[in-house]
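A quick write-up on the structure given underneath.
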Amino acid sequence: MALRPAGRRLTGLCPFHGDSKPSFMVNPERQTWHCFGCHEGGNVFTFVMRVTNLTFPEAVRDLAGRFGVSVTERRGGEGDSRRREELLAVNQAAAEFYEDVLWGDRGREGRDYIEKTRGLSLSLAKRFRLGMALEGWDHLARHLARQGVDPKLAASTGLLRSKRPGRYYDLFRHRLMFPIRDGQGRVVGFGGRTLGDDDAKYLNSPESPVFDKKSTLYGLDQTRKAILAARRAIVVEGYLDLLSLYQAKVEAVVAPMGTALSRGHVRRLKGLGREAVLVFDGDAAGVQAALRSLPFFLAEGAPARVVLLPQGEDPDSFVRTRTAAAFMDLVDAAPLMMDFAIDRVVARCDGTKQGRAEAVGRMRPLLRAVSDPVELSLHVRDLARRLAVDEHAVQAALAGADRPWGREAAGEPDQGQGPLPNKVLDTLAVAVSDPAARERLLESGALRELVGEGRVLALVEAIESLDEVAGAAWPADLISRLTDDQLPSLVASLEERSVREADRLVEDLVIHGRQRQIKSELAELRQEMLEAQAAGDEARETEAVARARLLQRQLNNPSEAHV
């Protein structure tokens with residue numbers, strides 16, 4: 001992207017939203033970036049993660065590789081890092097073998113299946129580097145042996161199996177092969193679709209040190225750019241569904257690894273676009289799959305919609321018998337997941353008192369998972385209206401759930417996923433940018449007291465840990481310590497926040513923090529005085545009274561409260 005100087009900073013068009021005027025700012029001195037349009041922000045690592053959808057370790061490796069920097073991985077040490085590279089090399093060798101088979105003399109069956117049976121072009125198959133596993137027990141095993149690959153190492157990836165010592169056989173046999181790549185384009189596993197009458201239509205690589213089924217999305221190495229451009233990820237259930245859509249020019253699409261969506265998948269999707277659109281078959285199993293995935297999206301605060309295809313259709317058959325435009329019409333009209341869930345629950349309700357109570361009960365765990373208080377109140381109101389139930393009764397049914405509206409009803413501050421109060425934002429901005437103020441806030445405990453137990457506590461803990469590191473680069477190093485996807489953008493926005501009367505803000509917080517501490521100490525001293533009186537211990541009572549008078553004087557005189 002093009003950047004131009006703007007004073008001491010650089011500015012340009014934001015790559016993450018439709019920017020018509022430059023709203024993307026880079027602060028070279030602070031090593032941060034922030035967009036005033038979409039409010040994204042962070043450091044160089046979060047930028048690479050956002051653009052490429054890499055994880056943090058992957059982004060570090062990617063940048064290190066570009067600039068020739070050596071990276072030492074602490075987790076597991078050098079030995080584990082070397083083993084990962086060896087496993088990836090085995091997967092790559094297997095992918096090349098399967099690919100050579102598909103496009104060679106022995107691959108006619110696989111090519112016919114792709115082109116004649118599934119209606120996919122061979123050029124598409126080459127783009128996604130499809131392959132073919134031959135019928136027989138040990139074609140890959142013998143090939144890897146000729147390459148000098150230790151069969152035990154290949155077995156660690158799941159490519160080979162052994163029934164008795166020294167004898168290995170192929171996991172994938174007589175199958176069309178789909179190599180699965182990570183964010184850096186490396187082969188981490190495989191999926192295989194039978195070309196015969198095997199009862200197991202699809203077979204996937206088992207979990208390994210390089211392959212995590214619960215967070216890997218098939219096709220992402222090819223479709224990432226389209227997803228980022230569309231700001232929307234269409235999620236389908238299978239490899240061939242993805243390929244059919246891609247061939248029909250619906251390119252912003254991914255697929256989980258032949259398993260139900262997990263929270264790890266949702267975390268990946270969350271960083272890809274504004275929302276995810278889940279496409280399911282229109283049968284009962286499709287409905288249940290949609291409802292099972294909803295809590296993960298709610299827990300991650302990730303917007304999602306649901307498309308239920310007509311009965312008997314899947315994405316592959318739909319775009320082949322109809323059109324890609326008709327498919328996109330369904331995507332554009334897809335309801336939000338929570339609205340979809342409410343629709344299903346209301347449709348099943350028989351209208352009786354018991355039926356309506358059961359409907360509210362079925363929605364209870366989903367409503368509890370909604371983190372935004374405004375969104376929660378809207379869903380409660382909608383459910384109550386459609387079931388003809390009093391709104392307060394629905395809220396009462398959620399009693400005991402640890403939700404923001406429940407805390408507000410009890411008079412406690414909301415530290416959920418809603419907007420943070422200006423006072424909290426101002427204080428965090430001062431703590432990030434002013435070392436002296438940060439020291440006072442940390443020493444007094446005022447910063448922790450201010451944020452309580454909310455989501456920003458992780459940011460305060462990162463500030464505390466980094467404050468002890470000599471020569472730390474603020475806030476770039478701070479951002480690198482954050483694991484919550486939303487916090488790097490928050491830190492970057494704090495950098496741009498102008499705080500009026502910052503010294504007075506810090507002084508008031510420190511004093512108020514000390515006053516709260518004094519009140520707590522006074523309560524303990526009063527209890528101690530009562531115990532001393534009951535025991536007839538005059539010396540202990542006199543000492544407690546003297547300490548209480550001193551604390552009371554500090555409480556009455558704010559200027560002495562922090563001394």
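Positions are given from 1, in the same order as the sequence printed here.
Side-chain contact between D138 and Y168 is absent, with no heavy atoms from C-beta onward closer than 4.5 Å. The shortest side-chain heavy-atom distance between F178 and L243 falls under the 4.5 Å cut-off. The side-chain heavy atoms of V235 and H265, taken from C-beta on, include no pair separated by under 4.5 Å. Counting heavy atoms from C-beta on, the side chains of R9 and V26 never come closer than 4.5 Å. The closest side-chain heavy-atom distance from L10 to F24 is not below 4.5 Å. Counting heavy atoms from C-beta outward, I234 and V254 have side chains that stay 4.5 Å or more apart. For the pair L220 and I227, the minimum side-chain heavy-atom distance is below 4.5 Å. Side-chain atoms of L134 and R106, non-hydrogen and from C-beta on, do get closer than 4.5 Å to each other.
Nearest heavy-atom pair, P179 versus F128, reported as atom, atom and distance to 0.1 Å: CG-O, 3.8 Å. Contact between V236 and P256 at its shortest, heavy atoms only, is O-CD, 3.0 Å. A pairwise comparison of heavy atoms in R111 and L122 identifies O-CD2, 4.0 Å as the closest pair. In terms of heavy-atom proximity, G191 sits nearest to F172 at C-CE2, 4.4 Å. Scanning both residues, V279 and P315, for their nearest heavy atoms gives CG1-CG, 3.9 Å. The two residues P295 and L366 have their closest heavy-atom pair at CG-CD2, 3.7 Å.
Judged purely by atom type and a 3.5 angstrom limit, R175 has no side-chain atom pairing as donor or acceptor with the backbone of E135. Side-chain atoms of N27 do not come within 3.5 Å of backbone N or O of Q31 as any donor-acceptor pair. A donor-acceptor distance shorter than 3.5 angstrom exists from the side chain of S262 to the backbone of K214, with no hydrogens or angles considered. Side chain of S162 to main chain of R167: a donor-acceptor pair is present (N/O by atom type, distance under 3.5 Å, no hydrogens or angles). Side-chain atoms of D170 come within 3.5 Å of backbone atoms of L140 as a donor-acceptor pair (strictly under, hydrogens ignored). The backbone N or O of A154 sits less than 3.5 Å from a side-chain atom of T157, completing a donor-acceptor pair. Proximity of a side-chain donor or acceptor of S156 to a complementary backbone N or O of K152 within less than 3.5 Å is detected. No donor-acceptor distance shorter than 3.5 angstrom exists from the side chain of S317 to the backbone of E313, with no hydrogens or angles considered. Remark: the backbone N or O of P209 is paired with a side-chain donor or acceptor of R84 at under 3.5 angstrom. Judged purely by atom type and a 3.5 angstrom limit, E86 has no side-chain atom pairing as donor or acceptor with the backbone of L153.
Between the side chains of S215 and D212, at least one donor-acceptor pair of N or O atoms lies under 3.5 Å. With no hydrogens or angles considered, no side-chain donor-acceptor pair links R181 and Y218 at under 3.5 Å.
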Test log, rule side chain to side chain donor-acceptor pair (under 3.5 Å), inputs Y246 and R127:
CA-CA 11 Å; Y246 195 92; R127 180 182 182 90; 3.0 Å; yes
Practice task
Evaluate the criterion side-chain contact (heavy atoms from CB on, under 4.5 Å) for residue pair D199 and T194; output intermediate values, then yes/no.
Solution key: CA-CA 9 Å; D199 290 338; T194 183; over 6 Å; no
- Task: Test side-chain contact (heavy atoms from CB on, under 4.5 Å) on S244 and D241 and set out the steps.
- Result: CA-CA 5 Å; S244 292; D241 288 332; 5.8 Å; no
* To do: Dump the intermediate steps for side-chain contact (heavy atoms from CB on, under 4.5 Å) on T216 and I180, then the final yes or no.
  => CA-CA 8 Å; T216 303; I180 301 159; 3.6 Å; yes
Point to revise | side chain to side chain donor-acceptor pair (under 3.5 Å) assessment of Y98 paired with R129 | key: CA-CA 9 Å; Y98 293 139; R129 309 292 297 273; over 6 Å; no
Quiz item: Do E115 and L120 pass the side-chain contact (heavy atoms from CB on, under 4.5 Å) test, and can you show the C-alpha distance, the side-chain angles, and the key distance before you say yes or no?
Solution: CA-CA 5 Å; E115 195 170 27; L120 299 173; over 6 Å; no
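Interatomic distance, CG of D182 versus CG of D221, reported as 8.5 Å (0.5 Å rounding). Of the inter-residue distances, the one linking D100 atom CG with M132 atom CE reads 13.0 Å to the nearest 0.5 angstrom. From R320, atom CZ reaches atom CD of Q247 across 9.5 Å, with rounding to the nearest 0.5 Å. To the nearest 0.5 angstrom, E237 atom CD is 8.5 Å from L261 atom CG. Between atom CG of residue L308 and atom CZ of residue F280 there is a gap of 8.0 Å, rounded to the nearest 0.5 Å. Atom CZ of R322 and atom CG of D329 lie 11.5 Å apart (nearest 0.5 Å).
Applying the 6.0 Å contact sphere to CZ of R161 captures no more than 12 heavy atoms from other residues, nucleotides or ligands.
Applying the ring pair (Phe, Tyr, Trp, His ring centres under 6.0 Å) test to every pair with at least one member in residues 295-339, sequence neighbours left out, gives no pairs at all.
Looking at R305 and E275, a side-chain N of the basic residue comes within less than 4.0 Å of a carboxylate O on the acidic one, giving a salt bridge.
Stacking of R173 on the aromatic ring of W137 is recorded, both the 6.0 Å distance cut-off and the 45° axial limit being met.
The aromatic rings of Y239 and Y202 are tilted relative to each other, their planes meeting at an angle between 30° and 60°.
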